[in-house]
K.L.:
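Dropping a structure here in structure tokens format, bear with me for questions.
Whatever order the structure lists them in is the order used to number ligands and atoms, beginning at 1.
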Amino acid sequence: MEENTIVKKRMLSGIQPSGDLHLGNYLGAIKNWADRVNDYECFYFMADLHTITVRQEPAELRKRTVNQLAQYIACGLDPEKNTLFLQSHVPAHSQLGWVLNCYTQFGELSRMTQFKDKSSKHKDNINAGLFTYPVLMAADILLYQPDFVPVGEDQKQHVEICRDIAQRFNSIYGDVFKIPEPMIAENGARIYGLNTPGDKMSKSIPEGCVFLMDRPEDIARKFKRAVTDSDTENCVRYDKVEKPGVANLMDIYRTVTGNSIEEIEREFDGKGYGVFKPAVAEAVIEHLRPIREEAERLMKDKAYLDSVYKDGAERASYVANKTLRKVYKKVGFYQL
Ligand code: ATP
Ligand code: LTN
């Protein structure tokens, strides 16, 4: 065990419990985490501190935070092999976040696309937390000294600013932080909405969004209404520019079946969308069925989920506090 901890590279990532998990989160992030569990030492957390940059209903947030853990585990993140924890249970995130705020420039935060997006969507609540969100995210990452941060493409910019902050800090105080690399999935890095092939699949457009806990009939209905393309070709061919809707369905199909694009084109040669769309729906339904069933079972076992969070917080705090102590010492905080 001790030996593995030294040899294995470390990964860390998080998802906000701000909505129900969907196929985009699963294929873009969680599935890749689960696939790598034996090769890396993994830390995964629910970023609840981040969720309040946008107003949340407290009871809902509390409920989702526990349910999301059940869904992580059901997706294959075994708590025995991964450290699964809740961000707010490890105070070091907020503590390092404050320090790093003082090593981050206003100008670089102003360039973050997520800030620009979210502040234009929530004009009545452009709070300081929304602006400094990438700094807290940098703290989340740097506390654990990971080699890789597996995220969807939309988060790449945040991992890059984290690297900049870490390099700046290291250049003043020596090698305090490991400089992490973003790890973007080859397949599934960006899953588009089923009815909006120009925009990423997102919980804010529920009709084109397949949630992990959706019932099979809802999944079937959403795929039935999926946008294919505006031409009359009716041919299953991978062309992201001319046929983004079809390419998106093919991307989904290939990630859940493991078949290559060529195999998929061959499988549906001459068959058209009328056959293709239900086949994708069926593959997704069958892929998600055991996940949903296991998550439903786990959600009823609150004592178990609490014990996972408790154990995870202890393990995470041990690693995080070590980094935080080093940072406090370096910047000159008086130690007892
Ligand atoms: P929203 O639905 O409001 O856009 P979100 O679902 O993107 O939010 P996040 O917490 O921002 O939720 O995302 C969690 C992880 O899932 C991140 O690593 C993100 O890159 C990835 N992800 C989210 N949506 C997609 C998508 N459509 N395709 C691929 N990866 C995605
Ligand atoms: N910003 C991410 C969630 C997140 C995260 C992190 C991801 C918060 N802290 C640290 C990776 C590493 C998002 O919105 N998806």
Side-chain angles (χ1 to χ4, degrees), residues 10-34 42-54 56 61 64-65 68 71-72 75 85-88 90 93-94 96-97 100 112-115 117-118 121-122 129-130 132-163 165-166 180-212 244 248 251-252 255 316 320:
R10 194 176 276 176
M11 296 219 294
L12 168 130
S13 197
I15 293 192
Q16 299 188 52
S18 53
D20 294 325
L21 291 176
H22 56 73
L23 201 59
N25 301 140
Y26 175 67
L27 298 179
I30 304 169
K31 183 171 183 298
N32 301 297
W33 305 351
C42 304
F43 290 81
Y44 297 120
F45 66 98
M46 321 297 145
D48 59 344
L49 297 177
H50 279 96
T51 64
I52 61 164
T53 52
V54 174
Q56 302 291 324
L61 175 60
R64 270 200 310 264
T65 303
Q68 196 159 303
Q71 291 171 42
Y72 268 48
C75 286
F85 66 101
L86 183 60
Q87 189 185 26
S88 66
V90 183
H93 290 247
S94 310
L96 182 63
L100 297 183
M112 295 291 110
T113 40
Q114 183 171 300
F115 172 71
D117 275 5
K118 290 210 174 169
K121 275 190 204 145
H122 303 274
L130 194 63
T132 59
Y133 175 114
V135 184
L136 181 59
M137 179 158 161
D140 298 338
I141 297 171
L142 299 175
L143 278 174
Y144 298 88
Q145 312 277 0
D147 298 276
F148 298 107
V149 182
V151 283
E153 214 169 59
D154 59 318
Q155 292 299 317
K156 199 170 163 209
Q157 195 184 34
H158 288 160
V159 181
E160 276 158 6
I161 194 177
C162 165
R163 287 166 57 88
I165 297 169
E181 298 279 341
M183 183 189 261
I184 312 287
E186 255 170 63
N187 299 330
R190 188 171 281 261
I191 300 296
Y192 294 90
L194 298 186
N195 57 355
T196 50
D199 295 315
K200 72 166 196 168
M201 183 177 282
S202 160
K203 59 196 168 251
S204 48
I205 315 174
E207 257 322 287
C209 180
V210 175
F211 294 98
L212 297 192
N248 187 40
D251 274 333
I252 293 174
T255 26

K.L.:
Does any non-hydrogen side-chain atom of Ser18 lie less than 4.5 Å from one of His50?
P.N.:
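Counting from C-beta outward, His50 and Ser18 never come under 4.5 Å.
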K.L.:
May I ask you to list the atoms of ligand 2 that are less than 4.0 angstrom from any heavy atom of His50?
P.N.:
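Answer for ligand 2: 8 (C), 9 (N).
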K.L.:
Considering Ile184, Val159, Asn25 one by one, which has a heavy atom nearer to atom 22 (N) of ligand 1 than any of the others?
P.N.:
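Residue with the shortest heavy-atom distance to the ligand atom: Asn25.
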K.L.:
Is the shortest N/O to N/O distance between Gln155 and ligand 2 below 3.5 Å?
P.N.:
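Between Gln155 and ligand 2, an N or O pair is found under 3.5 Å apart.
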K.L.:
Using a plain distance cutoff, I'd like to know if Ser204 has any nitrogen or oxygen under 3.5 Å from a nitrogen or oxygen of ligand 1.
P.N.:
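Looking only at distances, the answer is no, because the N/O contact criterion of under 3.5 Å is not met.
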K.L.:
Using a 4.0 Å heavy-atom threshold (strictly under), name the region of Val149 that reaches ligand 2: side chain, backbone, both or neither.
P.N.:
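The side chain, only.
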K.L.:
If you measure from each non-hydrogen atom of Gln87 to ligand 2, which part falls under 4.0 Å: side chain, backbone, both or neither?
P.N.:
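For Gln87, no heavy atom sits under 4.0 Å from ligand 2.
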K.L.:
Here's a test for you: under ring pair (Phe, Tyr, Trp, His ring centres under 6.0 Å), which of Phe148, Phe45, Tyr44 qualifies with Trp33?
P.N.:
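The passing option is Tyr44.
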K.L.:
Counting only nitrogen or oxygen atoms and a 3.5 angstrom limit, does Pro150 reach ligand 1?
P.N.:
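By distance alone, the answer is no.
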K.L.:
Given side-chain contact (heavy atoms from CB on, under 4.5 Å), test Gln155 with Met137 step by step and report yes or no.
P.N.:
CA-CA 10 Å; Gln155 292 299 317; Met137 179 158 161; 3.6 Å; yes
K.L.:
Could you tell me if any non-hydrogen atom of His50 lies under 4.0 Å from any atom of ligand 1?
P.N.:
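It does not; every heavy atom stays at 4.0 Å or beyond.
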K.L.:
Which atoms of ligand 1 have any heavy atom of His22 under 4.0 Å away?
P.N.:
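Those atoms are 2 (O), 6 (O), 24 (N).
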K.L.:
Please indicate whether any nitrogen or oxygen in His158 is less than 3.5 Å from any nitrogen or oxygen in ligand 2.
P.N.:
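Not met; the criterion fails.
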K.L.:
Heavy atom under 4.0 Å from ligand 2: found in Phe45's side chain, backbone, both, or neither?
P.N.:
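Within the 4.0 Å criterion, Phe45 contacts ligand 2 through side-chain atoms alone.
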K.L.:
Using a 4.0 Å cut-off to any heavy atom of Tyr133, which atoms of ligand 2 qualify?
P.N.:
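Counting from 1, the qualifying ligand atoms are 1 (N), 2 (C), 3 (C), 13 (C), 14 (O).
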K.L.:
Identify, for atom 3 (C) of ligand 2, the protein heavy atom at the shortest distance, and state residue, atom and that distance.
P.N.:
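I find the closest protein heavy atom is Gly14 O, 3.4 Å.
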K.L.:
Can you give me the closest heavy-atom contact between Ala139 and Gly97, atom names plus distance?
P.N.:
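Closest approach of Ala139 to Gly97: CB-N, 3.5 Å.
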K.L.:
For Tyr26 and Ile191, what are the C-alpha separation, side-chain angles and deciding distance, and is it a side-chain contact (heavy atoms from CB on, under 4.5 Å)?
P.N.:
CA-CA 10 Å; Tyr26 175 67; Ile191 300 296; over 6 Å; no
K.L.:
Please state which option from Lys200, Gln16, Met201 has its nearest heavy atom closest to atom 10 (O) of ligand 1.
P.N.:
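That would be Gln16.
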K.L.:
If I compare all heavy atoms of Val90 with all of Ala320, which pair ends up nearest, and what's the gap?
P.N.:
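Reported closest heavy-atom pair: CG1-CB, 4.0 Å.
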K.L.:
Hey, is ligand 1 close enough to Ala29 that some N/O pair sits below 3.5 Å?
P.N.:
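Min N/O separation from ligand 1 is not below 3.5 Å for Ala29.
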K.L.:
Kindly check if the number of other-residue, nucleotide or ligand heavy atoms within 6.0 Å of NZ (Lys203) is above 12?
P.N.:
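More than 12 within 6.0 Å, yes.
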K.L.:
To check your reading of the model: name the closest protein heavy atom to atom 9 (N) of ligand 2, its residue, and the distance in Å.
P.N.:
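Result: Asp140 OD2, 2.7 Å.
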K.L.:
Would you indicate whether Leu130, at its atom CG, is surrounded by more than 12 heavy atoms from other residues, nucleotides or ligands within a distance under 6.0 Å?
P.N.:
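Buried by this count: over 12 neighbours within 6.0 Å.
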K.L.:
Near Gln16, which atoms of ligand 2 are under 4.0 Å from a heavy atom of that residue?
P.N.:
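Listed by number with element, the hits are 14 (O).
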K.L.:
Specify the closest pair of heavy atoms between Gly208 and Met201, including all atoms of both residues, with the distance to one decimal.
P.N.:
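Scanning both residues completely, I find the closest heavy atoms to be O-CE, 3.5 Å.
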K.L.:
Relative to ligand 2, is Val159 under 4.0 angstrom through side chain, backbone, both or neither, heavy atoms considered?
P.N.:
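No part of Val159 comes within reach of ligand 2.
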K.L.:
Using 30° and 60° as the class limits, which term best fits the ring planes of Phe43 and Tyr144: parallel, tilted or perpendicular?
P.N.:
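Tilted: the ring planes of Phe43 and Tyr144 meet at 30° to 60°.
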K.L.:
Geometry only, no angles: is Ser13 polar-contacting ligand 2 at N/O separations under 3.5 Å?
P.N.:
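For ligand 2, there is no N or O atom that lies under 3.5 Å from one belonging to Ser13.
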K.L.:
Short N/O distance, under 3.5 Å, between Gly24 and ligand 1?
P.N.:
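Yes.
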K.L.:
Determine the minimum heavy-atom distance between Leu136 and His93, stating which atoms define it.
P.N.:
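For Leu136 and His93, the tightest heavy-atom pair comes out as CD1-O, 3.5 Å.
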K.L.:
Could you tell me whether Arg190 approaches ligand 1 through its side chain, its backbone, both or neither, with non-hydrogen atoms closer than 4.0 Å?
P.N.:
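It is the backbone that touches ligand 1; the side chain stays farther off.
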K.L.:
Could you verify whether a donor N or O on one side chain and an acceptor N or O on the other, from Asp140 and Gln87, lie under 3.5 Å apart?
P.N.:
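Side chains of Asp140 and Gln87: pair found under 3.5 Å.
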K.L.:
Given side chains that start at C-beta, do those of Glu181 and Asp147 come closer than 4.5 Å, heavy atoms only?
P.N.:
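No; the side chains remain at least 4.5 Å from each other.
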K.L.:
About how many Å separate CD of Gln68 and CG of Leu212, when rounded to the nearest 0.5 Å?
P.N.:
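One gets 9.5 Å once the value is rounded to the nearest 0.5 Å.
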K.L.:
Side chain or backbone of Ile141 under 4.0 Å from ligand 2, or both, or neither, by non-hydrogen atoms?
P.N.:
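Side chain only.
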K.L.:
Ring centres of Phe115 and His158 under 6.0 Å apart?
P.N.:
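No; His158 has its ring centre 6.0 Å or more from that of Phe115.
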K.L.:
With a cut-off of 4.0 Å, which atoms of ligand 1 are near a heavy atom of Gly28?
P.N.:
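Atoms satisfying the 4.0 Å criterion: 29 (C), 30 (N).
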K.L.:
For Ser202, counting its heavy atoms only, list the atoms of ligand 1 lying under 4.0 Å from any of them.
P.N.:
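Listed by number with element: 1 (P), 2 (O), 3 (O), 4 (O).
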K.L.:
Provide the number and element of each atom of ligand 1 under 4.0 Å from a heavy atom of Gln155.
P.N.:
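Going through ligand 1 atom by atom, the ones under 4.0 Å from Gln155 are 20 (O).
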K.L.:
Based purely on interatomic distance, does Asp154 place a nitrogen or oxygen under 3.5 Å from a nitrogen or oxygen of ligand 1?
P.N.:
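Between Asp154 and ligand 1 (N or O atoms, distance only) the closest approach is under 3.5 Å.
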K.L.:
Near Ile15, which atoms of ligand 1 are under 4.0 Å from a heavy atom of that residue?
P.N.:
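Heavy-atom distances to Ile15 below 4.0 Å select 10 (O), 14 (C), 15 (C).
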K.L.:
Any side-chain heavy atom of His22 within less than 4.5 Å of one from Phe211?
P.N.:
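Yes. Closest side-chain heavy atoms under 4.5 Å.
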